[in-house]
Every structure is written in structure tokens, then in C-alpha cells.
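One structure below.
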Amino acid sequence: MNFKRIGDNLWEVPKEGNMKVPVRIVASEELLEMMKMDLTIHQAINVSMLPGIEGASFVMPDGHQGYGFPIGGVAAFNMESGIISPGGVGYDINCGVRLLKTDMDHAELLGKKHSLLVSMFKNVPSGLGSKGKVRLRQGDMDEVLEHGAKWAVENDYGWKEDLKYTEEGGRMPSDPRLISEQAKKRGSSQLGSLGSGNHFLELQYVSEIFDERAAKAFGLYEGQAVVMIHTGSRGCGHQVCSDYLRTMEKALKKYELVLPDRELACAPIASQEGREYFKAMSGAANFAWANRQMITHWTRESFESVYGHSELEMLYDVAHNIAKEEQHKGKRFMVHRKGATRALWKDRPEITPDYKSVGQPVIIPGSMGTASYVLCGHENASEFFGSTAHGAGRVLSRSKAIKRFRGEDVSDDLGKRGIDVVADQMRTVAEEAPEAYKDIDKVADVSHEVGIATKVARLLPLGVVKG
DNA sequence: ATGTGC
């Protein structure tokens with residue numbers, strides 16, 4: 001493959017053959033080598049052949065192979081000639097993270113840390129197939145799909161201010177009638193649950209500040225205890241993705257779309273199928289925002305019951321798997337981010353006035369037992385449609401990780417390092433062993449050095465609740 | 001990621 005180095009941490013596969021744009025990869029030499037080990041680059045090249053793609057088919061530093069599109073992929077499509085694709089968003093629609101700030105120093109929290117984790121584990125249903133503890137009434141699910149985090153707040157799960165610190169205010173326009181009964185059924189019993197895989201609820205503390213000015217604007221300081229929530233739209237988003245992949249596969253002929261890979265199934269943005277998927281996807285995204293909002297509420301209740309007070313304010317809530325209509329350089333695009341984080345710079349209208357003078361908080365979770373980062377969107381990201389990485393990214397598949405590690409050993413090792421693990425299944429702990437992931441510090445460094453989102457704070461784990 | 005499959 002023809003790789004051209006175009007910057008310190010920037011590579012290009014030039015446009016040739018059926019490619020409509022080049023592939024651009026944000027990575028160090030080492031991270032690029034990891035991407036060459038699977039189909040990441042091959043998939044990014046396939047994406048560059050899709051109708052209406054503009055700029056480039058991008059791969060972020062944590063890129064790895066996914067369904068059709070690479071994870072860590074960003075692709076922006078012209079609103080007139082472009083397509084929208086469920087594979088460009090992923091199965092876990094609006095998988096994302098939010099960070100809650102405590103008013104406690106981490107030393108203050110340590111004494112009752114284990115009780116707190118156990119309380120959070122009890123308060124937030126977790127694990128594969130886990131069911132929420134809320135019984136939705138007839139019609140409630142449609143309200144969730146339509147109003148997202150706003151529904152949750154109106155039903156006393158959290159504070160009105162939380163919405164201000166959530167992308168899109170925790171709600172995108174949707175139409176519940178475009179979401180199948182099956183997706184609604186799977187979702188309604190799971191609302192307010194963590195799920196499995198890499199999803200977690202983690203107690204962390206700010207171990208290092210890199211940018212005092214941004215940290216101050218974000219309300220972060222060294223030693224501060226924080227809570228990170230990582231989950232998505234559960235079976236609801238999964239079902240929406242499956243449903244519309246099938247719809248779009250059927251529609252390929254109708255729109256005379258010839259694709260390099262069936263997994264890229266898509267439809268023109270302006271077509272009925274395209275518009276319906278976008279609205280259904282938005283409904284599943286709303287479900288995920290409501291989900292994280294409810295988990296926020298129960299986390300606050302856990303703090304309340306263990307420490308007698310809870311002042312958990314939100315830093316921000318970011319989506320990692322989503323398509324959004326956005327303006328870039330005076331034009332509107334359907335920006336697909338799959339395993340990528342929006343990273344908007346200061347003065348962009350999407351950002352809450354509280355952060356407008358510095359830029360959007362970008363929250364990047366590490367793997368279990370490793371650091372996480374808060375970064376700040378920078379104007380350099382305009383070359384990447386306002387995007388950066390979303391996490392460490394796997395190096396070992398789940399199946400390989402299970403063969404190589406025992407959950408009990410992983411948990412013991414973390415325990416020795418002062419990180420408590422409370423998990424539904426030890427199998428998941430093995431799947432999520434830190435060694436199965438890339439080095440988050442290196443991913444954050446590349447984002448920082450390229451200047452697309454710059455480092456504000458490094459967070460270290462104290463304890464984790466796993467599915 | 002996922003009622004861990006067509």
C-alpha cells in the first residue's frame with residue numbers, strides 16, 4: 001500500500017482507482033503499524049469510494065477494524081450527493097461517555113471507596129442482557145425515543161443543568177414510528193442499565209493538569225475525584241442498526257449503488273431510506289442519552305447514601321458512535337463518527353456558553369486500569385471535520401483476550417495496584433484486560449501533538465464497575 | 001457493542 005507521510009503524525013493513502021478522496025490517518029509510526037495488522041486501512045479505502053464523500057476518509061489514532069467502516073473512522077458526506085450508512089455509525093448507536101465532577105479530593109473518597117462501588121453496582125444494573133429496574137408504562141418508550149435525556153430529567157432522573165452539558169442537549173429530532181417494535185421491546189426493559197463489553201462505571205481522580213486555563217473553565221483541579229460513565233443504547237440501538245442494514249441492503253439496487261463491501265450498505269441522505277435511518281438512529285441516540293442520564297442519577301444516589309451528600313456536576317457527555325448534520329467551512333455535511341469524538345473549538349455555536357471561550361471538552365476513556373483523558377477541541381480539528389479519537393482501541397480481539405487472560409488474575413492485578421473491580425462476569429474482565437488495548441497515553445499524545453484536541457487533564461482509576 | 005448466528 002502506498003503510504004505518504006504528510007506530517008509528524010499524519011499519513012495519506014493518495015486517491016487512486018475508484019477512490020473519490022484520499023485516506024488520511026492520524027497516527028504515530030507505532031500506531032500506524034498496529035493499524036496495518038488488520039483491515040483498518042483497507043476499510044478506510046473502501047469508505048473513500050462512497051458517493052458524496054468529501055475531504056478524506058479519516059482514521060483516528062485509535063483506529064481498528066470494524067463492521068464495514070473502521071472504528072476510529074470519520075467520514076463526511078455532501079448533503080445532496082452523499083449517502084448515510086448504519087455501518088458508519090456502528091451497532092451501539094450513541095455509545096458515549098460522560099464525566100461527573102465531585103467536590104471531593106480523592107483522599108476523602110478512599111475510606112468508603114469499596115462501599116461506594118458496591119452501592120453503584122447495586123444501583124445500576126449491569127452485564128450482558130441486564131434489565132433496567134424501571135418499569136416503563138405504555139407509551140413511555142416513545143417518549144424516551146423522542147425526548148432522550150430531557151425525558152429522563154423531566155422524570156426526576158437528574159438536573160435540568162445536565163442537559164446543557166450534553167451534546168445536542170441530549171436530544172436529536174426523531175420519529176419513534178420509524179423504530180421497530182422489536183427495537184422498542186428490547187430497549188424498554190433495558191433503559192437505565194450499563195450493559196457489557198467495554199462499558200463501565202469508573203471512579204477516577206485528576207492526576208495531572210496540562211492546561212490550567214481550560215481546566216479552570218471545565219472546573220477540574222488536581223486531586224479531584226470524578227466519575228466516568230461509559231455506555232450506549234443497549235439492545236435498542238443494536239436492533240435499529242440491524243433493521244436498517246437490511247433495509248439499505250435491499251435498497252442498493254434501487255439507487256444503483258455499487259459498493260466495494262456489502263457491509264457498507266447505505267442510501268442517499270435525501271432518499272426515504274436515508275432520512276428514515278437518520279431519524280431512527282436519532283431515536284436510538286436519544287435512548288442512549290436517557291440511559292446515561294438515569295445512570296447519572298443513580299450514581300448521585302450512591303454518593304448520597306455513602307457520604308451523606310452528592311454534588312456531582314456534569315463536565316460533559318460526548319457521543320462516540322453517531323452521524324450528525326454539521327456545518328464545516330460554510331457547507332453542511334452528514335458527518336459519520338464511528339469510534340470517534342466530536343472535537344469542536346472555541347466559538348462554535350454547538351458549545352455551551354460556559355465553555356465557549358476554550359472549546360468543547362473531549363472525554364477519552366482508557367482501557368480498564370489505565371488512564372483516561374479530558375482534552376479540549378481545537379481549530380486544527382477543522383481539517384478533520386471537528387473530530388478526534390475515542391479511546392485506546394483494541395489490539396487483541398475479544399476471543400484472543402479470553403484465551404490469553406483469566407478474569408480473576410486481571411482483577412487481582414488491578415487490586416494490587418489499588419484499583420477495585422466489581423464485575424458482573426469475570427469473562428468480561430478477561431475480555432477487557434488492559435493488555436488487550438493500545439496505550440491510551442500514546443493516543444492522547446498524538447491528538448495533542450497534531451493539535452486537533454489538546455490535553456487538559458489526565459485521570460487515573462480508583463475503582464471500576466464492569467458489566 | 002449485542003437475547004455473543006443464517
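What you see is a predicted model, and the numbers here were worked out from it, not measured in a lab. A, B, ... follow the sequence lines: proteins, then strands. Residue 1 opens every chain.
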Atom-to-atom span, [atom1] of [X] to [atom2] of [N] - whole angstrom:
X        : N     : atom1 : atom2 : result
A/Gln239 : B/dG5 : CD    : C1'   : 14 Å
A/Arg262 : B/dC6 : CZ    : C1'   : 12 Å
A/Asn94  : B/dT2 : CG    : P     : 13 Å
A/Arg246 : B/dG5 : CZ    : P     : 18 Å
A/Asp424 : B/dG3 : CG    : P     : 13 Å
A/Gln425 : B/dT4 : CD    : P     : 12 Å
A/Lys184 : B/dG3 : NZ    : C1'   : 19 Å
A/Tyr91  : B/dG5 : OH    : P     : 12 Å

If you look at every strand shown and take non-hydrogen atoms under 4.0 Å, does A/Gly197 touch a base, only sugar-phosphate, or nothing?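 Sugar-phosphate, no base atom in range.
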
Touch class at under 4.0 angstrom, heavy-atom based, for A/Ser233 against every strand present: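 Nothing, no heavy atom under 4.0 Å.
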
If you assign A/Arg398 and A/Leu128 each to the DNA chain B nucleotide with the nearest heavy atom, which residue ends up on the more 5' nucleotide?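 The 5'-side residue here is A/Arg398.
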
Salt bridge flag under 4.0 Å for residues A/Glu326 and A/Lys324: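 No salt bridge links A/Glu326 with A/Lys324.
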
Between the side chains of A/Arg246 and A/Glu249, is the shortest nitrogen-to-carboxylate-oxygen separation below 4.0 Å, so that they form an ion pair?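 Result for this pair is no, no salt bridge flagged.
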
Can you check whether A/Gln190 has a side-chain N or O nearer than 4.0 Å to OP1 or OP2 of B/dG3?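 Answer is yes, contact under 4.0 Å.
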
Using a cut-off of strictly less than 4.0 Å, decide whether A/Arg234 has a side-chain nitrogen or oxygen near OP1 or OP2 of B/dT2.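 The answer is yes; a side-chain N or O of A/Arg234 sits under 4.0 Å from OP1 or OP2.
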
Would you find a donor on one side and an acceptor on the other, under 3.5 Å apart, between the side chain of A/Ser57 and the backbone of A/Ala44?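 Yes, the answer is positive, given that a donor and an acceptor are paired below the 3.5 Å cut-off.
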
Nearest heavy-atom neighbours spanning A/Trp289 and A/Ala149: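 Taking every non-hydrogen atom into account, O-CB, 3.9 Å.
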
